[in-house]
Each structure stands twice: as structure tokens, then as C-alpha cells.
Number of protein chains: 2
Amino acid sequence: MNRYPHSTRLLVAIDCIIFGFGGEEIKLLVIKRNFEPERGKWSLMGGFVNEEEDLEVGAERILFELTGLNNIYVEQLQTFGKVNRDPVERTISVVFFALINIHNHDEESVRVHNAAWISLKNRPALIFDHEKMVEIALERLRYKAALHPIGFELLPEKFTIPQLQKLYEAIYDMKLDRRNFSRKILSTGLLVDTGEKNENSATKKATLYRLDKERYESKFHAFWYFMPDL
Amino acid sequence: MNRYPHSTRLLVAIDCIIFGFGGEEIKLLVIKRNFEPERGKWSLMGGFVNEEEDLEVGAERILFELTGLNNIYVEQLQTFGKVNRDPVERTISVVFFALINIHNHDEESVRVHNAAWISLKNRPALIFDHEKMVEIALERLRYKAALHPIGFELLPEKFTIPQLQKLYEAIYDMKLDRRNFSRKILSTGLLVDTGEKNENSATKKATLYRLDKERYESKFHAFWYFMPDL
DNA sequence: TTATTGTTGTGTCGTAATGACACATTCATT
DNA sequence: AATGAATGTGTCATTACGACACAACAATAA
């Protein structure tokens, strides 16, 4: 079979938005560019799509390269293709966003890539249209976390309800009522009491829960209404 | 500035999923391919991205070419990039989905392109991975219509509540309670009584409503919980 | 040992939303 | 005038939700 004769071929890149949770606020893993243009500026981690590589595989390759992590939560966000979005040459960028437990990443990889966890809320300027990408990713995160239990992807295996609440408060940048939150979360039946307590606390030690994986998987696509007034 | 030297360039296509509503069921506007491979099979309407054209502009161009319509509801669905998805040559496809009033399209354009409205539910096989695209688009439609008032995009300017209900029943392939549906829809305040009645009815003529555009735009991003148990 | 302080866990109460369901109205047909 | 099919509106019991108060716990200080 002969190839399509007409039509121009374009550069296709993958950019990754990597969210983490520091306990108080949502963080973004970005790299400091060490090449022109925009050398020294902050940028999302990215790369070009290899010739014989599926998009999702490319995203996982890039995520692994920076974090040393496999099997993390990744989903395709959107594709950005404005003609002049990359000043060097027209490049279509397929953007993915990932949620990781911030304590699990490989620090050596991060150092090698000149990467850093920055505050999402008070983030510095990013290159090109990466700013817009992050905006849309945050929207998606808020949207999704209000309806599906994806927040857990940002927490360690064992976590307390107050920690979980802090996470949701960070995502939506709002205060939540402790009692109503707890009631709602527990009513999902997704949490299993481990019997252990959070020993790091200086006051009353909160119970550590873990996710009921089976219930999580089977109920993932059901709708929850976690947030009061989105 | 010099261009990126490394990295291969790929074909980038746009495919469009076009939904319409026939009064009883959801329809899909597809074309019969008149070239190889897969000549004679059903396919989504698509095209390649032009060198100096934004993705959204390309989508609108392709949609206009087939339907003769401008300013319709379009949103980016997802990008499909499996290595072998197109047997001819690797092609990345950015997929958009559009909602139109089925009675507004230009019939001449449809004839020229060998296009036809087919039933979504009992659809024939589609080429390549277009089947998967439609599946995901339907999921998105269901997801979105449960939370945002996008259903109206599929109806004529003036419509009755029973028509609207039929639409939702078609989208979700389920029966809904007349009284509860009506209550819920009216409580949104999005509908304005035109004072007219549906004269096509052989029994009691239902009141024709129109959308309160201002309220629609301002409340579009709010969450509704239209559907009972998704 | 006891009091203090900050945090966690659980319960109540009134209101609003929801699903299940029944009855009256309208209009063409007979 | 009666019939039948579809539309419009109302009720009721249950549940979910937001606002709020109090008891239990653990480290620290007195």
C-alpha cells in the first residue's frame, strides 16, 4: 500500500503535568530548561513521540525518566496545536497529566533533569503555552476529583481522614467542614481502618486508613458528589 | 532560530464525531469511503491538519465542509495515536465531537460526501479505530450531559419538555419519570415559555420552550445532576 | 498527678432534594 | 358527547446535606 502522498507531517510532542501533594498544598513537578530558547525558564517535562511508540507509552516513558515511577495514574488531558505555540517550529503537543505520591519519586532522576517541585498556587511563569496547559489540568483535576475518587493517587498507602481533607482543601482552595467531610468519605465505603494510628501527631493520633482496592476499582466510574458547591 | 533537527514528523489528522437527534434516537453522521483502503466502508468525517491551521480551526473547516454549519458545539475529545491505527501510514488523529440540530445541516453537502445519518445504537462497523472513538465520544456525551446542559445543542430552537426527555432517554438508553424530569428541568430556570404550543401533536399540544441564552451561558459550567443514578 | 491545649471522632437537627406515584387537563378522533 | 393518548401539576415519605456542639484522646506544662 502506498502512503498518503499529500499533506505535511508535523512534529508531535508529549508534555506531562505531574501533580503531587506536599501535605499542605498541591505541587507541580517541572524542569528548568538548559537549552535555547527560553533557557533557564521553567517548563513541563516533555519529549517527542518516537516513530514506533504509542502515545500512552511515550507518556509513560517520559514520566519514568523523570520520576523513576511506573504504574502511576496517567490520563490524557488535551492536545495543543496552535500554529505558533512553539516558536522554533510548529509542534503538536499531546498533554498528559499524572498524579503521584510525592514521596515516591526518584530524587536522583529529578536532580539530573534540573527538576523541582513548585507550588501550584504560587507558581512561576512557564514557557510557551505550558501555563494554559496547567490551568486546564487543574480544572480537570478539580472536575474529576469532585466526581471520582482519584485523590487517593496523591496520598501514601496509609493516610488519615484529616490528611485526605487537607488534600481536598488544597485541590479546591477552600475550607471544608470536618464532620460533613468525614461522613461523606466514610459513607463511600472505600476506606478500610488499618487499626494503626498516625504516630507523627503531637495531639490526638488519627486513625490510618487504606483504600479498599477492589471497591475502588469497581466503583471508580460511579459518580460521587464529594464537593459541596462546584 | 533553527528548527528541531532530530525527531520524526508525523501525519496529523482530525476526525469529527457528529451527533444529531432524530426525535427517537441519537444519530451519527458518517461518510462512505470512496477510496482505498476500506473503500465502501463507513468512516468518520476527517481530514489532515493544514500547515498553517490551528486544530480547532481545522475541525471547524471539516465540520463546515460536511454540514454547511458554523458556530456549532464542538469540543476536543481525545487524540488517538496507536502506531498501527492507520494501515497506510502512521497518523495521529485528534478527534473532536460536535452536537448539531439534525434538521439544520446542508443536505447537498451531505450528498456530495456520500454521507448519511446512521443510528448510534445499532451502528454498522466503522473503519480503523473509529469504533473506539465513537464509544469514547458516547461516554463523554453521557458524562457531560449529566452534568451540563449541552442536550439543547441537539434540539431545534423551540422544543417541548417531552421532546427534551426523549432526548435524554435516547442518550442514556433508559426510561425516565415524566414528572420528576419536568420538575428537575424547570427548576434549573433555563427554559423560557414561548407561549406557543406544539401544533404537530395529535393529542394535547405541549408547550414550546426556548433556552434562556444568558442563563445558559452564565450557568453552563455549574454542575447539574440531571441523571438519577449514573 | 493534674490541668491545658490542640486535634480527632461522632451525633443531632432542620431544610432541601429526590424518587415513587395519582389525578386532572387538553385535543383529535369517533 | 364519549374515548384515548399525551401533557401538566401535586403529594408524600425517605434520604442527603449543611450547620453546628460535645466528648475523647495525647502530648506538654504546671
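Keep in mind that this is a model prediction, so the values were computed, not measured. Chain A is the first sequence line, chain B the second, and so forth, proteins listed ahead of strands; every chain is numbered from 1.
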Quiz item: Does the ring centre of His148(A) sit less than 6.0 Å away from the ring centre of Tyr143(B)?
Solution: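 Yes, the ring centres sit under 6.0 Å apart.
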Quiz item: Do the ring centers of Phe159(A) and Phe152(A) come within less than 6.0 Å of each other?
Solution: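 Close enough - the centres of the two rings lie under 6.0 Å apart.
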Practice problem: For Asp177(A) and for Lys197(A), locate the closest nucleotide of DNA chain D by heavy-atom distance; then report the residue assigned to the nucleotide nearer the 5' terminus. | Solution: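 The 5'-side residue here is Asp177(A).
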Quiz item: To the side chain of Ala206(B), which of dT9(D), dA19(D), dT7(D) is closest?
Solution: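 Selected nucleotide: dT7(D).
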Quiz item: The side chain of Pro162(A) lies closest to which of these nucleotides: dG6(C), dT8(C), dG8(D)?
Solution: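 Shortest atom-to-atom distance from the side chain points to dT8(C).
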Practice problem: Report the C-alpha separation of Glu139(A) and Arg142(A) in whole Å, then their side-chain angles, then the decisive distance to 0.1 Å, and conclude whether the salt bridge (charged side-chain N to carboxylate O under 4.0 Å, His left out) test is met. | Solution: CA-CA 5 Å; Glu139(A) 248 176 57; Arg142(A) 286 180 169 164; over 6 Å; no
Rounded to the Å, how far apart are [X] [atom1] and [N] [atom2]?
X         : N       : atom1 : atom2 : answer
Lys204(A) : dA27(D) : NZ    : C1'   : 14 Å
Asn198(B) : dT26(C) : CG    : P     : 17 Å
Gln165(B) : dA6(D)  : CD    : P     : 13 Å

Side chain [X] and base [N] donor-acceptor under 3.5 Å:
X         : N       : value
Arg179(A) : dA21(D) : yes
Arg178(A) : dG9(C)  : yes
Arg183(B) : dG19(C) : yes

Quiz item: Between His105(B) and Ile102(B), is there a donor-acceptor pair closer than 3.5 Å when you use the side chain of the first and the backbone of the second?
Solution: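 Checked: pair present.
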Exercise. With heavy atoms under 4.0 Å as the rule, sort Thr207(A) into base, sugar-phosphate or nothing.
Key: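 Sugar-phosphate, no base atom in range.
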Exercise. Would you classify Ser187(A) as touching base, sugar-phosphate or nothing, given that sugar-phosphate means primed atoms plus P, OP1 and OP2, and contacts are heavy atoms under 4.0 Å?
Key: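 The answer is nothing, as Ser187(A) stays clear of every strand by at least 4.0 Å.
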